[in-house]
*Asks:* 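This is the structure I want to talk about, given as structure tokens.
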Amino acid sequence: MAHLSLEVTDGIAVIRFDNPPLQVMTPTTVHELNELFPSLEDEAVRAVVITGTGDEYFVRHFSVEELDASAQGSGSTWEVNFDDVMLRLEHLPKPVISALNGTALGGGLELALSTDIRVAKDGHYRFGLPEISVGILPGGGGTQRLSALIGRNRALNMMWRAKLVSPADALSLGIIDELIDAGAEETVLDRAMNIAAEIAARPPLAVAHIKHLARNADNPVTKEKLTLESKLFAELMQTDEAKALLAAVAQQHKAEREE
């Protein structure tokens, strides 16, 4: 049974994860995600939303049974490297949004951290990287992406102590970007789709360039990246879409000034 399904509607690709009864990720999940990239990279797709099924788990975590088998030397053969797939997702030149319909731990949270925007619903759900509880560490980019997102000390505190946080705390820390009230009629997927539609309506080349520059930003700022930003700015100024949009706003401002 496939773990992932893909549906594209009005330029938005929705990936749904479903692996009952435990809702855990396996090497099969990672392989299936990698196989979806040709569809996700299609120009007709302007945004991507990833969500789980049901109302308890986004992706519960990576399969502990698979990890145990690997530790014993009898685990599944990986057809593709997890890190490579997460990097490919992270650098997809269009917005990728996680609709966190429930708890996301370990590999599930690492998947979400590889996306650009994370939306969750308030409730009893939890988020964290508790791998140290079984003597290992977050091995799917978690040590790097969580530290970059919330700061090294906060990330260390969470990972060393196997600390799980509520949706409200995750919002405060910056792990998620938007939180839907528990009693709201709007679902997490509804909100993610609305955000995706909003960004999908923007000029796609500008969206892609902004993502590339932000994802590769240096701290402190470097002349090299500022030069690249200026170059891409100049290129966008010459596109037909930008010329039309700039002209329309300029005309509006001219009319306001002459009133």
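In this chain, residues are counted from 1 in sequence order. Because the structure is predicted, anything quoted here is derived from the model rather than measured.
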*Asks:* Do I132 and L137 make a side-chain contact, defined as non-hydrogen atoms from C-beta onward lying under 4.5 Å apart?
*Replies:* no

*Asks:* Is there a side-chain contact between E241 and L205, using heavy atoms and a 4.5 Å cut-off?
*Replies:* no

*Asks:* Is there a donor-acceptor pair closer than 3.5 Å between any side-chain N or O of T222 and the backbone N or O of D218?
*Replies:* no

*Asks:* Do L33 and R88 make a side-chain contact, defined as non-hydrogen atoms from C-beta onward lying under 4.5 Å apart?
*Replies:* no

*Asks:* As a quick check of understanding, evaluate side chain to side chain contact (heavy atoms under 4.5 Å, CB included) for L6 and L40, giving each step before the final call.
*Replies:* CA-CA 9 Å; L6 174 66; L40 303 181; 4.1 Å; yes

*Asks:* Determine the sole option in V59, L146, L129 for which the side chain to side chain contact (heavy atoms under 4.5 Å, CB included) test with E110 is passed.
*Replies:* L129

*Asks:* Working to the nearest 0.5 Å, report the span between CG of N19 and CE of M1.
*Replies:* 7.0 Å

*Asks:* Around atom CD of E185, are there more than 12 heavy atoms of other residues, nucleotides or ligands at under 6.0 Å?
*Replies:* no

*Asks:* Give the minimum heavy-atom separation between P167 and R126, together with the two atoms involved.
*Replies:* CD-NH1, 4.0 Å

*Asks:* Looking at every non-hydrogen atom in both residues, tell me the closest pair between M158 and F127 and how far apart they are.
*Replies:* CE-O, 4.0 Å

*Asks:* Using 4.0 Å as the upper bound for N to carboxylate O, is an ion pair formed by D10 and R46?
*Replies:* no

*Asks:* With a 4.5 Å cut-off on side-chain heavy-atom distances among I, L, V, M, F, W and Y, is there a chain of contacts connecting L4 to I50?
*Replies:* yes

*Asks:* Working to the nearest 0.5 Å, report the span between CD1 of I195 and CD of E198.
*Replies:* 7.5 Å

*Asks:* When clusters are formed by joining ILVMFWY residues with side-chain heavy atoms under 4.5 Å apart, either directly or through shared neighbours, do I150 and I176 land in the same one?
*Replies:* yes

*Asks:* So do the side chains of M193 and I12 get within less than 4.5 Å of each other, counting heavy atoms only?
*Replies:* yes

*Asks:* Determine, stepwise, if the pair D122 / I180 fulfils side chain to side chain contact (heavy atoms under 4.5 Å, CB included).
*Replies:* CA-CA 6 Å; D122 204 2; I180 309 300; over 6 Å; no

*Asks:* For the CZ atom on R154, are there more than 12 heavy atoms of other groups (residues, nucleotides or ligands in this structure) within a distance under 6.0 Å?
*Replies:* no

*Asks:* Return yes when atom CD of E186 has more than 12 non-hydrogen atoms of other residues, nucleotides or ligands closer than 6.0 Å, and no otherwise.
*Replies:* yes

*Asks:* Give the minimum heavy-atom separation between A200 and A47, together with the two atoms involved.
*Replies:* CB-CB, 4.4 Å

*Asks:* If you apply the rule side-chain hydrogen bond (donor to acceptor under 3.5 Å, both in side chains), what do you find for T115 with S98, and how did you get there?
*Replies:* CA-CA 6 Å; T115 66; S98 289; 2.8 Å; yes

*Asks:* Could you walk me through whether E229 and H212 pass the side-chain hydrogen bond (donor to acceptor under 3.5 Å, both in side chains) check?
*Replies:* CA-CA 10 Å; E229 183 184 71; H212 174 76; over 6 Å; no

*Asks:* Only one of L100, T103, V24, L105 forms a side chain to side chain contact (heavy atoms under 4.5 Å, CB included) with Y57, so which one is it?
*Replies:* T103

*Asks:* Test of understanding: clusters of I, L, V, M, F, W, Y form through side-chain heavy atoms closer than 4.5 Å, transitively. Do L149 and L109 belong to the same one?
*Replies:* yes

*Asks:* Taking side chain as C-beta onward, heavy atoms only, is P203 less than 4.5 Å from L245?
*Replies:* yes

*Asks:* Taking C-beta and beyond as the side chain, do E258 and K254 meet within less than 4.5 Å on heavy atoms?
*Replies:* yes

*Asks:* Does a side-chain N-to-carboxylate-O contact under 4.0 Å join E178 and R191?
*Replies:* yes

*Asks:* Would you confirm whether D181, through its side chain, and G183, through its main-chain N or O, come within 3.5 Å as a donor-acceptor pair?
*Replies:* no

*Asks:* Supply the atom-to-atom distance L226 CG to K223 NZ, rounded to the nearest 0.5 angstrom.
*Replies:* 6.5 Å

*Asks:* Rounded at 0.5 Å granularity, tell me how far CD in E66 sits from OG1 in T29.
*Replies:* 9.0 Å

*Asks:* Please check this pair: side chain of D116 against backbone of V96, looking for a donor-acceptor N/O pair closer than 3.5 Å.
*Replies:* yes

*Asks:* Hey, is the main chain of V165 close enough, under 3.5 Å, to the side chain of D169 for a donor-acceptor pair?
*Replies:* no

*Asks:* In the structure I gave you, are the side-chain heavy atoms of E131 and H61 within less than 4.5 Å of one another anywhere?
*Replies:* no

*Asks:* Does CD in E41 sit with more than 12 non-hydrogen atoms of other residues, nucleotides or ligands closer than 6.0 Å?
*Replies:* yes

*Asks:* Does atom CZ (F37) have a neighbourhood of more than 12 heavy atoms from anything else shown, all under 6.0 Å?
*Replies:* yes

*Asks:* Are the charged groups of K231 and E235 less than 4.0 angstrom apart, N to O?
*Replies:* yes

*Asks:* Considering all heavy atoms of both residues, which atom of S63 and which atom of T26 are nearest to each other, and what is their separation?
*Replies:* CB-CG2, 4.0 Å

*Asks:* From I97 CD1 over to R118 CZ, what is the distance, rounded to the nearest 0.5 angstrom?
*Replies:* 11.0 Å

*Asks:* Quick one: sort the F62 and F82 rings into parallel, tilted or perpendicular, breaks at 30° and 60°.
*Replies:* perpendicular

*Asks:* Around atom CG of D240, are there more than 12 heavy atoms from other residues, nucleotides or ligands closer than 6.0 Å?
*Replies:* no

*Asks:* T53 and Q23: side chain to side chain contact (heavy atoms under 4.5 Å, CB included), yes or no, with the steps?
*Replies:* CA-CA 9 Å; T53 52; Q23 283 297 98; 3.5 Å; yes

*Asks:* Starting from V85, can I reach W78 by hopping between I/L/V/M/F/W/Y residues whose side chains sit under 4.5 Å apart?
*Replies:* yes

*Asks:* Counting only heavy atoms not in R202, do more than 12 fall under 6.0 Å of its CZ?
*Replies:* no

*Asks:* Is there a donor-acceptor pair under 3.5 Å between the side chain of T51 and the backbone N or O of R16?
*Replies:* no

*Asks:* Please name the pair of heavy atoms, one in K121 and one in A182, separated by the smallest distance, quoted to 0.1 Å.
*Replies:* CE-O, 3.5 Å

*Asks:* Going only through I, L, V, M, F, W and Y residues with side-chain contacts under 4.5 Å, is there a path from L173 to L113?
*Replies:* yes

*Asks:* Less than 4.0 angstrom from a charged side-chain N to a carboxylate O is my criterion; do K94 and E43 meet it?
*Replies:* no

*Asks:* Under 3.5 Å, side chain of N101 to main-chain N/O of L189, donor-acceptor pair present?
*Replies:* no

*Asks:* Between V207 and P95, what is the shortest heavy-atom contact and its length?
*Replies:* CG1-CD, 3.7 Å

*Asks:* I would like to know whether L111 and F58 meet side chain to side chain contact (heavy atoms under 4.5 Å, CB included); could you show each step before the answer?
*Replies:* CA-CA 10 Å; L111 170 61; F58 169 67; 4.1 Å; yes

*Asks:* Hey, what do you get for CG (L89) to CD1 (I15), rounding to the nearest 0.5 Å?
*Replies:* 7.0 Å

